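I have placed the structure first, in the form of structure tokens, so that the comments after it can refer back to it.
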Amino acid sequence: MFPSITKAIQDIKQGKMVIVVDDETRENEGDLIMAAKFITPEKFAFMHDCGRGLICVPMEKERAKKLNLWPIVPDDLNTEFTKCKFMVSVDYKNPKSEIRNPKLDEYKTGVSFVARTRTIQKLANPKVNADNFVRPGHITPLVADNWGVLARDGHTEAAVDLVRLSGIAPRVAVLVEILKKDGAIARGQYLKTFARKYGLTLITIAELADYRKCNEKLVERAASAHLPTRFGKFIVHIYKERITGKEHVALVMGSIDNNTPVLTRVHSRCLTGDVFHSLRCDCDSQLHFALETIAKRGVGVLVYLNQEGRDIGLTDKIKSYALQERGLDTVEANIRLGYKPDMRVYHIGTQILRDLGVSKMELMTNNPKKIVGLEQYGLEIVRRVPIVIESNEHNRKYLSVKRDKLGHLLH
Ligand SMILES: [Zn+2]
């Protein structure tokens with residue numbers, strides 16, 4: 001899985017550059033990225049001449065702290081649209097022994113390619129500390145979020161993630177946006193041709209995030225206890241997301257065997273349906289169907305994901321209901337509120353299931369996207385168990401929109 005990411009990590013480890021593209025709804029840019037440790041004046045010249053954007057040095061927070069670098073605009077005053085964290089610019093401080101050496105004149109002002117290359121190398125050198133730099137200078141460091149692309153889908157985070165994944169420390173990278181000869185932002189086909197011409201691996205930030213979601217443990221089991229219910233006796237496990245602290249629930253009945261497909265339901269929270277039995281949707285019927293079916297079989301898992309209203313949250317879900325009362329359907333209402341039709345993600349569900357020892361499933365769902373979502377992160381779905389729900393006068397339209405616009409399979 002993820003051959004291009006594996007290749008990119010290998011390239012970074014070997015000191016090569018890769019091209020990283022962000023989402024087309026974000027900056028929609030391609031950046032040349034490499035580990036700062038391996039920069040040379042030749043590679044710097046390539047970034048300058050062929051990349052043409054702003055050459056910056058992304059690093060992890062810890063390194064920036066050690067180098068005593070501070071943001072040029074404090075977080076609460078940062079009005080840049082992606083909240084990019086530019087730090088105070090620096091140059092490597094020329095040692096006294098070099099200052100009067102005419103052979104080393106190129107280093108004097110800090111702007112030459114050799115001088116800027118040296119500054120970058122020193123930023124990545126663990127033996128070099130804050131006192132070895134002058135401020136301001138000709139190199140701008142950037143600081144990445146601690147959780148990398150899983151917290152912020154920017155090139156800064158992608159660069160530091162790639163360096164971390166390739167095992168290099170401290171985690172310091174170099175990046176530059178790729179611009180065309182006329183200075184316009186390079187996109188799509190231009191970037192693909194550029195990558196082919198120079199033999200560079202091209203990846204997207206979304207792929208890098210998926211790679212991490214698949215390979216890193218992002219949930220922790222926080223508590224477990226017995227939970228007798230009117231459907232039968234379950235064990236309840238609470239899982240906490242490591243990044244957000246968000247809590248999710250798993251109900252397990254019987255003992256799970258790794259080799260046998262486990263009857264599974266991955267259910268997204270719906271307070272109005274699950275608790276108040278709202279007739280606007282079919283969530284409580286699906287939940288009850290799942291618990292009853294598991295109880296009948298005696299073995300199974302229900303993962304209850306804390307993503308209310310297709311993950312737009314309770315307030316916006318109710319706002320969406322209000323819009324639907326004015327004639328919009330569920331998909332149109334979500335789009336009006338600034339969301340994609342379905343914001344839910346399934347990698348957390350997959351990680352919970354894996355932690356419980358589930359690898360093969362009989363999945364109770366009518367949503368083909370959920371099948372793709374769970375299989376994408378390495379679970380095998382051997383059979384889909386359809387959930388048969390009778391529609392009522394309140395949810396008939398909602399169910400038909402789910403079928404026609406979201407691709408749900410109804411029976
Ligand atoms: Zn619902």
Side-chain angles (χ1 to χ4, degrees), residues 229-231 234 236 238-239 241 246-251 263-295 300-350 352-353 363-374 384-411:
T229 70
R230 64 184 170 88
F231 301 98
F234 288 87
V236 60
I238 305 301
Y239 282 89
E241 276 188 54
K246 220 174 178 187
E247 292 170 321
H248 306 277
V249 181
L251 294 183
L263 186 63
T264 304
R265 163 80 186 156
V266 177
H267 190 89
S268 293
R269 189 181 98 154
C270 172
L271 183 82
T272 46
D274 300 341
V275 175
F276 304 121
H277 309 295
S278 156
L279 297 176
R280 275 182 175 269
C281 57
D282 57 346
C283 299
D284 73 328
S285 310
Q286 295 206 37
L287 182 63
H288 293 177
F289 175 93
L291 290 170
E292 271 163 16
T293 314
I294 290 170
V301 176
L302 179 117
V303 175
Y304 192 81
L305 293 175
N306 193 356
Q307 39 190 10
E308 179 72 48
R310 294 194 208 112
D311 211 19
I312 67 173
L314 199 51
T315 304
D316 279 346
K317 180 170 107 168
I318 301 304
K319 279 188 187 167
S320 159
Y321 282 174
L323 287 170
Q324 289 171 51
E325 280 160 18
R326 284 188 252 139
L328 273 66
D329 68 37
T330 174
V331 169
E332 290 161 350
N334 270 24
I335 292 169
R336 173 77 63 89
L337 290 167
Y339 297 104
K340 292 179 199 160
D342 194 342
M343 299 285 289
R344 288 175 294 185
V345 291
Y346 295 107
H347 65 280
I348 295 295
T350 311
I352 293 172
L353 286 166
L363 188 69
M364 289 181 271
T365 185
N366 294 333
N367 181 359
K369 256 201 198 154
K370 208 178 272 182
I371 298 176
V372 177
L374 291 169
R384 183 180 76 85
V385 181
I387 301 178
V388 186
I389 306 285
E390 293 289 312
S391 63
N392 64 46
E393 57 173 312
H394 302 283
N395 69 17
R396 200 160 291 132
K397 184 168 174 235
Y398 165 83
L399 291 176
S400 63
V401 172
K402 268 199 355 183
R403 181 191 59 211
D404 300 337
K405 287 199 171 177
L406 295 171
H408 285 224
L409 310 156
L410 299 185
H411 303 270

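Note that the structure is a prediction, hence the values are computed from the model and not measured. Note: hydrogens, waters and symmetry copies are ignored here, and every other heavy atom, side chains too, is used. Ligands are counted one by one from 1 in listed order, and the atoms in each one are counted from 1 as well.
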Non-hydrogen atoms of C283 and H267 that approach each other most closely
O-CE1, 3.3 Å
Using salt bridge (charged side-chain N to carboxylate O under 4.0 Å, His left out) as the criterion, list what pairs up with D329, not counting sequence neighbours.
K405
M364 and T264, any side-chain heavy atoms less than 4.5 Å apart
no
Show all protein N/O/S atoms under 2.8 Å from the Zn ion (ligand 1), or state that there are none.
C270 SG, C281 SG, C283 SG
Should D311 and K246 count as an ion pair when the cut-off is N to O under 4.0 Å?
yes
Using the ring-ring contact (aromatic ring centres under 6.0 Å, His included) criterion, which residues pair with F234? Sequence neighbours excluded.
none
Kindly state each residue pair satisfying ring pair (Phe, Tyr, Trp, His ring centres under 6.0 Å) with at least one member in residues 314-335, sequence neighbours excluded.
none
